[in-house]
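Treat the numbers as computed from the prediction; the structure is a model and nothing was measured.
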Amino acid sequence: MGAVSGTGPGAELATPRAGPGSVLVIACGALAREVLALQRANGLETLTLACLPAKLHNRPEQIPEAVRARIRRGRAEGFGRIFVLYADCGTGGQLDAVCAAEGVERIAGPHCYSFFEGNESFAARHEAGEITAFYLTDFLARQFDTLMWKGMGLDRHPELLPMIFGGYDRLVYLAQTDDPALTARAEAAAARLGLAFERRFTGYGELGDALARAAAP
């Protein structure tokens, strides 16, 4: 397995080193666990993972320049090949502009919910009317209290709940793993938000294919 830098939701923990044929994968910290699982399962030895803080999703306008800076740092570290493991993630096309300017590819899709479910399937659901669902992934089920409940200030100002979540009618848990404990957390989050609960097992969706393409010589 390649080196790993910053495997959690926070900042990077180590400096990755480029080796022969190595590919730097610049990823959202929310995807670290899934990337590592796919590396182990598929022997993607040439991938080196560098994660940016997951909390950037609360300020998507900051993602493009954070990614640009990490691309340039990766080149300075000696990586000839770099892959961006962010979807558009609310940047309004600005991340695509950065990737084009820097000559790197990113995973396809508007957000991780889409590529976990499959971009075509997710788009079809929305065209059929699934526009009032609030989504959780494994990461967000684990981090619901920290990133959402406390991160949105609902622990201090519960009166904000109808303002933030009043437009949703259900919580859909897109499960990457078959973990009863995470399912229980996701269901508890739905109850806390006053939403109906649905679990949809997606596995890793299109993430595995994207990493395999990135690792290919």
From CA spacing to verdict: salt bridge (Lys or Arg N to Asp or Glu O under 4.0 Å), E77, R70: CA-CA 10 Å; E77 291 165 347; R70 193 62 188 84; 3.4 Å; yes
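- Contact record, A108 with F115: O-CB, 3.8 Å, taken as the closest heavy-atom pair.
- Between R68 atom CZ and I71 atom CD1 the span is 8.0 Å, to the nearest 0.5 Å.
- Sorted by first and then second residue, the salt bridge (charged side-chain N to carboxylate O under 4.0 Å, His left out) pairs with a member in residues 148-171 read E130-R170, R170-E198; sequence neighbours excluded.
- Residue pairs that meet the salt bridge (charged side-chain N to carboxylate O under 4.0 Å, His left out) test with at least one member in residues 110-119, sequence neighbours left out, are E117-R125, E117-R200.
- Here the two rings, on F116 and Y204, have centers that are 6.0 Å apart or farther.
- Taking every heavy atom of both residues into account, G29 and F139 meet most closely at O-CE1, 4.3 Å.
- Counting non-hydrogen atoms of neighbouring residues, nucleotides and ligands closer than 6.0 angstrom, the CD1 atom of I131 reaches no more than 12 such neighbours.
- Take A175 and apply the side chain to side chain contact (heavy atoms under 4.5 Å, CB included) test, not counting sequence neighbours, and it matches D138, Y173, R199, F201.
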Mind running side chain to side chain contact (heavy atoms under 4.5 Å, CB included) on F79 and T48 for me, showing each step along the way? CA-CA 10 Å; F79 289 93; T48 293; 3.9 Å; yes
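- Using modelled atom types, one side-chain atom of Q39 and one backbone atom of L47 make a donor-acceptor pair closer than 3.5 Å.
- Residues A181 and D179 come closest through the heavy atom pair N-OD1, 2.9 Å.
- Residues A30 and A54 come closest through the heavy atom pair N-CB, 3.8 Å.
- L161 and L154 get closest at one heavy-atom pair: N-CD2, 3.6 Å.
- The NE2 atom of H157 sits 11.0 Å away from atom CE of M163, with the distance rounded to the nearest 0.5 Å.
- Here the OH-SG distance, from Y86 to C112, works out to 11.0 Å after rounding to the nearest 0.5 Å.
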Worked verdict on L136 versus V172 for side chain to side chain contact (heavy atoms under 4.5 Å, CB included): CA-CA 6 Å; L136 292 185; V172 177; over 6 Å; no
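- Taking the side chain as every heavy atom from C-beta outward, N119 and P110 approach each other to under 4.5 Å.
- Aromatic rings from H111 and F122 are positioned such that their centres are separated by under 6.0 Å.
- With sequence neighbours left out, N42 forms a side chain to side chain contact (heavy atoms under 4.5 Å, CB included) with L38, L44.
- Atoms CD and OG1, on E34 and T177 in that order, are 7.5 Å from each other to the nearest 0.5 Å.
- In this structure R81 satisfies the side chain to side chain contact (heavy atoms under 4.5 Å, CB included) test together with V23, sequence neighbours excluded.
- Proximity of F134 to L193: side-chain heavy atoms (C-beta onward) are separated by under 4.5 Å at one or more points.
- Taken from CD1 in I82 to CD in E105, the straight-line distance is 13.0 Å, to the nearest 0.5 Å.
- The minimum heavy-atom distance linking L140 with L147 is given by the pair CD2-CD1, 4.4 Å.
- By the side chain to side chain donor-acceptor pair (under 3.5 Å) test, R192 pairs with D145, sequence neighbours left out.
- A 4.5 Å side-chain heavy-atom check between L211 and L85 finds at least one atom pair inside the cut-off.
- In this structure the side chain of R75 reaches within 4.5 angstrom of the side chain of E102, judged on heavy atoms.
- The distance from atom OG1 of T91 to atom CD of E65, rounded to the nearest 0.5 Å, is 11.0 Å.
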Using side chain to side chain contact (heavy atoms under 4.5 Å, CB included), reason through D88 and R106 one step at a time and then give a plain yes or no. CA-CA 9 Å; D88 179 75; R106 73 163 175 88; 4.0 Å; yes
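- Taking 4.5 Å as the limit, every side-chain heavy atom of M148 sits out of range of all side-chain heavy atoms of Q143.
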